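In what follows, a single structure is set out as structure tokens and then discussed.
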Amino acid sequence: MRLATWNINSVRFRITLVRRFLREFEPDVLCLQETKVEDDLFPRRAFESLGYAHHAIRGQKGYHGVAILSKIPLTNITSRDWAETGDTRHISAELDGGIELHNFYVPAGGDVPDPKTNPKFDQKLRFMGEMADAFADQDPRPRILVGDINIAPLETDVWSHKNLLKIVSHTPVEVELFERTQAAGNWVDAVRHFIPPDQQLYSWWSYRSPNWEKADKGRRLDHVWVSPDLAPSLRSAAVITKPRGWKKASDHAPIIIDLKVGDIEAGDINPGTQAGT
DNA sequence: ATGGTGGAAGGTCCA
């Protein structure tokens, strides 16, 4: 099974890029964040025509929004309001075969890394805290958590650890909370499972840096976690950097993981698609 | 201390 996650920054504005990505990389399941569209205006047909018949969509007008588009049937579709944001930042579904999939868009947190003066940062910390609690007391079962977590935890997940220590997304309080959430759910970082932590790895490059590729001032804000029972099924994982260079690109690159589950064998990711070095 | 870019909404917010 091939699973992809991508902060698309408006699914309608970038529907051509989404279709190109689906044709070139053929994931079985695609998780999107920042779809920026109400559910009844979601471009379902574009996905149906490429074989993604099963949809779990939770969106709102103009901001946020998450979606799961799948070739595999989805059941038990649910969503939750985390940290009382009132935003559409989460949707979950069960994949045929029994894997529980959670798709998150964690709040970015604003500019000032102080929960006392910046309500957005406070909300981000509470959001992550609730995520830690939510998965801590569940029975061990196959599950996958993906999304734009808006935190780059490792020193090698940012272009400069020192320069970003006080920048929201890489502050010590966020990193600590990220690690606590990961540990509470016994989550395995599927991407770092294959790409060693001493290697620089990013999934986001700001629009504000004109030559993003050459400057390469990126951060790894997007993540794929799997429950420990699924870790032996992991076959490969990669940040797919190419779509960041496409015309009208999202500022985030998609991530793909391949798993051997059931009778669906994972295809190897094409050479040359991996990020870094 | 500021601005750089981008999408969507709609004369501004959020990232």
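Everything numeric in this text was worked out from a predicted model, so none of it was measured. In what follows, chains carry the letters A, B, and so on, assigned in the order in which the sequence lines appear, proteins first and then strands, with residues in each chain numbered from 1. Computed over heavy atoms, backbone and side chain alike; hydrogens, waters and symmetry mates excluded.
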TODO: Assign A:Y63 to base, sugar-phosphate, or nothing according to its heavy-atom contacts below 4.0 angstrom with the strands shown.
DONE: base

TODO: Scan A:R89 against the nucleic acid and name what it touches under 4.0 Å (heavy atoms): base, sugar-phosphate only, or nothing.
DONE: sugar-phosphate

Open item on the list: Holding to ring-ring contact (aromatic ring centres under 6.0 Å, His included), I want the full list of residues that pass it with A:H193, two or more places apart in sequence or in another chain.
Closed with: none

Open item on the list: Using the ring-ring contact (aromatic ring centres under 6.0 Å, His included) criterion, which residues pair with A:F178? Sequence neighbours excluded.
Closed with: A:H223, A:W225

Let me have the donor-acceptor pairs involving side chains of residues 39-46 of chain A, under 3.5 Å, with sequence neighbours excluded, atom names and distances please.
unit_1: A:D39; atom_1: OD1; unit_2: A:G59; atom_2: N; d: 2.7
unit_1: A:R44; atom_1: NH1; unit_2: A:H55; atom_2: ND1; d: 3.1

Task: Sub-6.0 Å ring centroid separation between A:F104 and A:W82 - done: yes

TODO: Please tell me which of A:Y207 and A:D251 maps to the more 5' nucleotide of DNA chain B, matching each residue to the nucleotide holding its nearest heavy atom.
DONE: A:Y207

- [ ] Starting from the 5' end of DNA chain B, give me the residue, A:E38 or A:H252, whose nearest nucleotide shows up first.
- [x] A:E38

Open item on the list: Under a 4.0 Å threshold between the charged nitrogen and the carboxylate oxygen, would A:K242 count as salt-bridged to A:E24?
Closed with: yes

Open item on the list: Could you check whether A:E34 pairs with A:R14 (Lys NZ or Arg NE/NH1/NH2 to Asp/Glu carboxylate O, under 4.0 Å)?
Closed with: no

Open item on the list: Give the residues of residues 161-175 of chain A touching DNA chain B, defined as any heavy atom closer than 4.0 Å, sorted by residue number.
Closed with: none

TODO: Examine the side chains of A:D28 and A:Y52 and answer whether a donor and an acceptor come within less than 3.5 Å of each other.
DONE: no

Between [N] and [M], how many Å separate the two [atom1] atoms, rounded to a whole number?
N	M	atom1	result
B:dC14	B:dG10	P	13 Å
B:dA15	B:dA1	P	23 Å
B:dG11	B:dG7	C1'	16 Å
B:dA9	B:dT5	P	22 Å

TODO: Report the distance from atom CD1 of A:I57 to atom CD1 of A:I77, rounding to the nearest 0.5 Å.
DONE: 9.0 Å

Task: Side-chain hydrophobic cluster, 4.5 Å single linkage: members besides A:L221 - done: A:W204

Open item on the list: Reading DNA chain B in the 5' to 3' direction, which nucleotide is the first one with an atom under 4.0 Å from a heavy atom of chain A, and which is the last?
Closed with: B:dG4 to B:dA15

